[in-house]
Amino acid sequence: MKLKCSKVLDKISAFVDDMLSPKEKDAFLSHVTTCKNCQLELEKYQQMISIIRNTEPIDVPDNLWEGIRQRLEEKVEERSKLTFRIPRWVFAPAGFIAILCAFLYVWTVQIRFNQETERIPLAFYVQEHMRSYSPAVMLYSYDIESARTVKADESYRSVPELEVLLEVHYGNVPANGS
Amino acid sequence: MDDDELVRLCQNGDVSAFEQLFNRHRKRVFNLVYRMMGNEEDAFDLTQEIFVRVYTKIHDFGFKSAFSTWLYRLALNMCTDELRKRARDMSTPVEPDSPTISQQVYNTNPEKQLMAKEYEKQIWKAINSLKEKDRSMIILRDLEGLSYEEIAKVLDCSVGRVKSRLHEARKKLKSILENKTSLWIGGNEIEMFKSP
């Protein structure tokens with residue numbers, strides 16, 4: 001297999017590291033022995049890599065560990081202080097209480113919602129609470145008649161989100177009397 | 001006691017086991033950081049930071065690779081982060097320390113020693129001017145002597161990728177040396193470094 005110079009140059013690095021297959025290596029060497037330019041290139045790579053590989057490692061400063069040890073001690077101290085302030089056994093009951101509170105909150109909101117919706121027109125309620133309840137809650141049991149009544153009211157403010165919801169669920173909702 | 005056993009002890013809070021790990025790997029890590037950062041002062045500070053990070057993160061080590069691979073990856077990432085941070089801050093780059101003279105040079109005459117010192121200095125200056133990814137390839141392979149497989153594990157890429165990236169990095173380095181130095185002219189300099 002005859003190689004072109006460009007192919008040989010691409011394989012120089014792998015050749016230096018002995019990463020060519022026996023077949024590739026043979027083809028590489030047969031080219032290099034006859035091509036002066038590629039031979040010179042190979043020597044340059046070998047020279048450069050040889051110098052890097054023979055660079056003496058520098059000595060590690062004696063006080064390197066001292067600084068690390070000091071910082072580790074500080075970390076251990078910090079950790080022990082933290083452990084003292086918040087004992088681990090606190091986390092489980094605290095989590096339970098947090099979940100309980102969240103459940104109670106949702107439950108009371110639901111009760112308040114049910115109570116309020118009994119007293120006022122549902123669509124009006126939905127409009128007023130547009131921004132504080134999710135669309136799923138807003139759609140909860142409101143009726144088309146109330147929506148019409150609200151839209152006929154002079155103080156009615158058009159809320160795009162509500163309009164969209166009404167249209168999706170009931171089609172176009174004209175105001176009463178219009 | 002091998003690295004894995006020491007790591008297990010460290011994970012149980014044994015600082016003396018960590019000291020043993022440190023003693024085992026300090027030289028290679030320090031030299032890696034020194035070559036990446038280009039000066040001893042930064043290497044000193046960053047190596048300390050690296051080992052403190054190793055201690056705090058040792059619980060994350062899952063024994064899926066060699067500890068040294070994990071350590072090298074962490075060290076290299078911290079060097080890269082630091083270099084990028086500095087590039088962002090546009091701070092003045094620290095002038096690299098004078099490199100050490102290679103072992104072979106001690107066997108040559110004073111004139112050649114001087115030339116060799118200059119040559120080595122030029123090479124490390126050129127390496128320091130490479131981008132971090134190219135620099136790290138050359139340092140891991142040619143200075144630290146990691147195999148292609150080990151480099152692939154450290155950099156989390158394929159062996160083929162290592163092969164091509166290393167070739168590119170060396171090509172760039174050679175190009176810098178050819179453009180900035182006259183060290184390639186003639187054959188004498190090349191012979192000088194051949195083993196006696």
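Order of the sequence lines fixes the chain letters, A, B, ..., with proteins taken first and strands second; residue numbering starts at 1 for each chain.
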Requested in this report: Taking atom types as modelled, find out whether B:Tyr72 and B:Glu144 have a side-chain donor-acceptor pair closer than 3.5 angstrom.
Outcome: yes

Query - Residue, of B:Lys163, B:Lys27, B:Arg141, that accumulates the most heavy atom pairs under 4.5 Å with chain A - result: B:Arg141

Query raised in the report: Is there a donor-acceptor pair under 3.5 Å between the side chain of B:Ser136 and the backbone N or O of B:Glu132?
Result: yes

Query raised in the report: What part of B:Phe22 lies closer than 4.5 angstrom to a heavy atom of chain A: side chain, backbone, both or neither?
Result: side chain

Query raised in the report: With a 4.5 angstrom heavy-atom cut-off, which part of B:Glu168 approaches chain A: side chain, backbone, both or neither?
Result: neither

Requested in this report: Please look at B:Ile127 and chain A and tell me whether the side chain, the backbone, both or neither of the residue comes under 4.5 angstrom of a heavy atom of that chain.
Outcome: side chain

Report task. Please confirm whether A:Arg71 makes a cation-pi placement over B:Phe51, using NZ or CZ under 6.0 Å from the six-membered ring centre and within 45° of the ring normal. Result -> no

Report task. Look at the aromatic rings of A:Trp65 and B:Phe18 and report parallel, tilted or perpendicular, splitting at 30° and 60°. Result -> tilted

